[in-house]
There are 4 protein chains.
Amino acid sequence: MEKIIGLIDAPFTPFRANGDVNLEPIAAYGAMLKKNGLQGVFINGSSGEGYMLTTDERKALAEEWVKQAPKGFKVIVHVGSCCLRESVALARHAAEIGAWGIGAMAPPFPHIGRIEELVKYCEQIAAAAPNLPFYYYHIPAFNGAFLPMLDLLKAVDGRIPNFAGIKYTYESLYEYNQCRLYANGKFDMLHGQDETILPSLAQGGAQGGIGGTTNYNGRELVAIIDAWKNGDVEAARRHQNFAQEVINVICHYRGNIVGGKRIMKLMGFDLGPNRVPFQNMTDEEEARMKAELDAIDFFNKCNQF
Amino acid sequence: MEKIIGLIDAPFTPFRANGDVNLEPIAAYGAMLKKNGLQGVFINGSSGEGYMLTTDERKALAEEWVKQAPKGFKVIVHVGSCCLRESVALARHAAEIGAWGIGAMAPPFPHIGRIEELVKYCEQIAAAAPNLPFYYYHIPAFNGAFLPMLDLLKAVDGRIPNFAGIKYTYESLYEYNQCRLYANGKFDMLHGQDETILPSLAQGGAQGGIGGTTNYNGRELVAIIDAWKNGDVEAARRHQNFAQEVINVICHYRGNIVGGKRIMKLMGFDLGPNRVPFQNMTDEEEARMKAELDAIDFFNKCNQF
Amino acid sequence: MEKIIGLIDAPFTPFRANGDVNLEPIAAYGAMLKKNGLQGVFINGSSGEGYMLTTDERKALAEEWVKQAPKGFKVIVHVGSCCLRESVALARHAAEIGAWGIGAMAPPFPHIGRIEELVKYCEQIAAAAPNLPFYYYHIPAFNGAFLPMLDLLKAVDGRIPNFAGIKYTYESLYEYNQCRLYANGKFDMLHGQDETILPSLAQGGAQGGIGGTTNYNGRELVAIIDAWKNGDVEAARRHQNFAQEVINVICHYRGNIVGGKRIMKLMGFDLGPNRVPFQNMTDEEEARMKAELDAIDFFNKCNQF
Amino acid sequence: MEKIIGLIDAPFTPFRANGDVNLEPIAAYGAMLKKNGLQGVFINGSSGEGYMLTTDERKALAEEWVKQAPKGFKVIVHVGSCCLRESVALARHAAEIGAWGIGAMAPPFPHIGRIEELVKYCEQIAAAAPNLPFYYYHIPAFNGAFLPMLDLLKAVDGRIPNFAGIKYTYESLYEYNQCRLYANGKFDMLHGQDETILPSLAQGGAQGGIGGTTNYNGRELVAIIDAWKNGDVEAARRHQNFAQEVINVICHYRGNIVGGKRIMKLMGFDLGPNRVPFQNMTDEEEARMKAELDAIDFFNKCNQF
């Protein structure tokens, strides 16, 4: 199966002031990401408030992204849901409209506590789009599915034919590496934390990743990989340290979904509010965040349109 | 606002062998519950695998329950969802079809960590069915929303007009009692753990509750309340101890949603399988469970058709 | 084995201003507790900052309590420690000086995750004082030992001859009752949460408990039991509700160890500061707490000297 | 303040068959570690079952290690305890006998939930050995002290003069790097997870670390650092991957304290059993572990005497 090389972006979902999904910015959004070095998008995931969208909204977004994606740009559709029937319908839809791949995180409810439960969940979704690569999205801090990923790989190997790999959004680079080494690197392990791209590169060879801060800081994150490839560790550290400084800022403003989305507005690309129960940033918070970003010269280094 | 007295049942959702929702048993289900002393149903909740149903399935179930409910039987529709827009639509639908009330648990994702987030979530749902009582369903073990309920009552008091109370499915009888005493008992605190009905009665006056094991053990649970009212503490203890013995058994078989639903089949009222990712019981497990239930003379004490 | 009936107090450890243990108040302390209806003391436990004392200090306290205890007053010595050899030495010492019993909570480190580990730990301590009753002190919120207590009883039954029972400081009245019923009530289950004495009484027969707020609110807590015995449920509720009001107050001041100990000072019985890392209350906090206690007429209902 | 370069070992504590501390192997132990490239020892920590030792045993071990340490070998004494007075006494003792430095983890009880509590705890210990560097030992999985380490550095900076840095045993390389960068690298951040030495090196410059598997796999772990210094990333990866394979094995046998200590015996250097409540390995488990180690050619690569 093809492996992803480079960085995929997890886009925010644009909303209008009244809270409706806004498809208008998608075309420009995709072009911007491509221009800044991204290889594709992982849509309707956590950054995209996918769980807060109706099934129809998720389909409409998938259609628009597939339609507007720049040439060669991969569109991976997150189809995870507490309701497996909804996930299956979304997977089938993704295949029908020509998405490049699909992914799903474990449902946050019911809580999944056994590998076998997780395998069954993945199996039925993957089977609904048998010609697309399926990625399991491991983000246990969000859904409590603290299961050993090596055991998942062993369980799906030979059982789910289109299981492509894992979007690994967790801190254990040890487990990440063990998964990467499994069966001579059979599975595609996508690194999922923008704060540790460099350490992860040191541990393994050419890799792919899915980022959330790539929406606005993609150039710098891509630069880490380029510097590493060129053997320039010092430059790679500089870019990685900068990436951490940006993450420090969004951590002051409820993280990427809230704070990061507001950065887009500060960059002149307003994607609207977050959905309830997220607490949108106040104007005062926005002003403070802008000052913090100015202090690290963010707006000269960030993504460009 | 009217307070619920007695026990409301949280019914299982009947599925066909192919996994489709099966509306046929609903009429008989409601009649049976009424016959055994239940006061109503809280549908599409955790026992009902509500989060694992599509929006259309949830609506169809609500319609059938409202249509088939025995006279005077309260139908409360759980409308909680990770997607607030879906919850709002379900709340509106519940009002339109004539449900008695609505309820919602906190979304398991995104994780709710602040009272204000929870209030906003409840507020928008409650506003979609302004003439129905709204119950917050507190079950933090399922969604991680370990928030102080007294703070929630203070926050909604005067702000959400149709906030009726809390279905309290948590172990702290201290917090439960503090909520019960708040504002001279303004809010309806529905006890949510069948294993501690008697201790809860001792602490406060006439009360209501919502049960999960009431599906098959409702007579015994109602008997606890009746014995207490009659001043017969010894009888109340006997019925409560029996209720705990039944709960001991289902705990051996993955709890009420899996084990409890299978008890219905053993009682001659097959409601079909559980949805993925639940692991259905094997025949061998079913046989072992039947033996455990026989050993406590369950089938002579349980609900009757 | 004799069962404890009524309430045992977990006393605070008196310190001098320089932080040294102060034995002088012990005699008056014991007399006061007896006068207010307590049956004994569980010393060097969590309320007594036992883990923050040196081995020599723990021995000196045990000696003084045994020496000064009023006639018929039970002195139970908590001997738990991360270092089993220290626990064994303390257990032996407790037996030598004539303590009534011993107890130990699971060590907070290393984290105990298996019943067998816990049994071995209890076994070696109990064997060091074979003629004294040994109580396991279950307080998982403090040490992370969230193990099923019924399994512990089954495991020690027939293996640890002087295992007397459990001081159960946890919210599950269901598990508490199941343990109480085990083997026809063979083990002594001491209720350990002053906020739920009444609910617990409703569930079972004559019982004992170990309290932390009994230090200052013992009269009211004893009154719950007396009212229940007399069949006066309304009075029992009144006393229990008052007990919860007192607990509401200490929860505003870092709980019983910090806030409760300071109440003793407000009652005219200064037991000195808490040890680091506890944060002692400021004078301003003390004044606020006093106002809260005045508002519930605490000082007319509390323990008397 | 001097920074540690290279790897410090956290030795196991040798016990006799009857469970007494055995000082005899210390001299040979130190020589072996030095021979295999280690720079010193961090004694009486978690690998050393320090919390399970009496105060006298801890002192005796410290004395013997200081006395037997090879020339230039750093002896850091872990003095953490639930009882601050004991820690202070151990810190003073460490200074008196000529230890190189001291360290302490947060007490597992009482649970530390605020930076200020932690600072006070560290402050009093550090003040008892004012001429020795003090290291905070961050291992939240063991004591629940999940506090932000950058906040700790800010709080102690200018307040605890001999605060040297942190032994960082946690997965977040992001936080680790932020601490490393704080105040131009003012504090010594000792990496504490042998499974991720290489990723950590990539992120920062010359570094020190404290290992637990260095007891038997020190040569390979030192080889990671050497290869990285020589610019041979492929060799560094090979050694790191091998280190992970060794860690995979001990994870099958209850981790380093139990499984790792038994490896020493397999290497011909029997350090005796673990203390209760640890469950010692059975002979059958030992045989299986040996087979797993043979399968990765461990005994040709491990530390040599």
Side-chain angles (χ1 to χ4, degrees), chain C residues 15 18-21 44-47 49-58 80-90 104-125 127 139 141-145 254-255 257-258 274-280, chain D residues 15 18-21 44-47 49-58 80-90 104-125 127 139 141-145 254-255 257-258 274-280:
Chain C
F15 294 119
N18 70 356
D20 287 349
V21 167
N44 296 343
S46 48
S47 294
E49 301 175 64
Y51 258 79
M52 276 127 275
L53 302 170
T54 66
T55 305
D56 288 344
E57 290 171 331
R58 292 171 77 161
S81 164
C82 292
C83 173
L84 183 63
R85 292 212 160 189
E86 186 188 12
S87 290
V88 163
L90 289 170
M105 73 171 200
F109 180 77
H111 175 66
I112 288 205
R114 273 173 284 233
I115 284 287
E116 177 55 25
E117 293 168 358
L118 183 53
V119 173
K120 273 219 186 85
Y121 178 80
C122 293
E123 192 172 34
Q124 300 208 5
I125 296 173
I139 186 161
F142 278 12
N143 56 27
R254 301 188 282 289
I257 305 178
V258 174
N274 294 110
R275 285 203 163 166
V276 171
F278 289 113
Q279 285 192 285
N280 280 280
Chain D
F15 293 120
N18 69 357
D20 288 348
V21 167
N44 297 344
S46 47
S47 295
E49 301 175 65
Y51 257 78
M52 275 127 278
L53 301 170
T54 66
T55 305
D56 287 344
E57 289 172 333
R58 292 170 77 161
S81 163
C82 292
C83 174
L84 184 62
R85 291 211 162 189
E86 186 187 13
S87 291
V88 163
L90 290 169
M105 74 171 198
F109 180 77
H111 175 66
I112 288 203
R114 274 173 282 235
I115 284 288
E116 177 55 25
E117 293 168 358
L118 183 54
V119 172
K120 273 220 186 85
Y121 179 81
C122 292
E123 193 171 34
Q124 299 207 7
I125 297 173
I139 186 162
F142 278 12
N143 55 27
R254 301 188 281 288
I257 305 177
V258 174
N274 293 109
R275 286 204 163 166
V276 170
F278 288 113
Q279 285 193 285
N280 280 280

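The sequence lines fix the lettering, A, B, ..., with proteins before strands; numbering per chain opens at 1.
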Applying a strict 4.5 Å limit to non-hydrogen atoms, the region of C:I112 in contact with chain D is side chain
Under 4.0 Å between a side-chain nitrogen and a carboxylate oxygen: does that hold for C:R114 and C:E117? yes
Rounded to the nearest 0.5 angstrom, the CD-OH distance for D:E116 and D:Y121 is 15.5 Å
Honestly, the part of C:N274 sitting under 4.5 Å from a heavy atom of chain D is neither
Bottom line for C:R254: the part with an atom under 4.5 Å from chain D's heavy atoms is side chain
When the 4.5 angstrom heavy-atom criterion is applied to C:E49 and chain D, the contacting part is neither
By ring pair (Phe, Tyr, Trp, His ring centres under 6.0 Å), D:F109 pairs with (sequence neighbours left out) C:Y51, C:F142
Cut-off 4.5 Å, heavy atoms of chain C, and the answer for D:D56 is neither
Ranked by heavy-atom pairs below 4.5 Å to chain D, first place among C:A106, C:S81, C:P277 goes to C:P277
Counting only N and O atoms by type, is there a donor-acceptor contact under 3.5 Å from the side chain of D:R275 to the main-chain atoms of D:F15?
no
Hits for side-chain contact (heavy atoms from CB on, under 4.5 Å) against D:Q124, two or more places apart or cross-chain, chain-then-number order -> C:V276, D:L84
Greatest number of non-hydrogen atom pairs under 4.5 angstrom with chain C, of D:D20, D:N143, D:L118, falls to D:D20
Distance col, row C:E86:CD vs D:C83:SG, nearest 0.5 angstrom, shows 8.5 Å
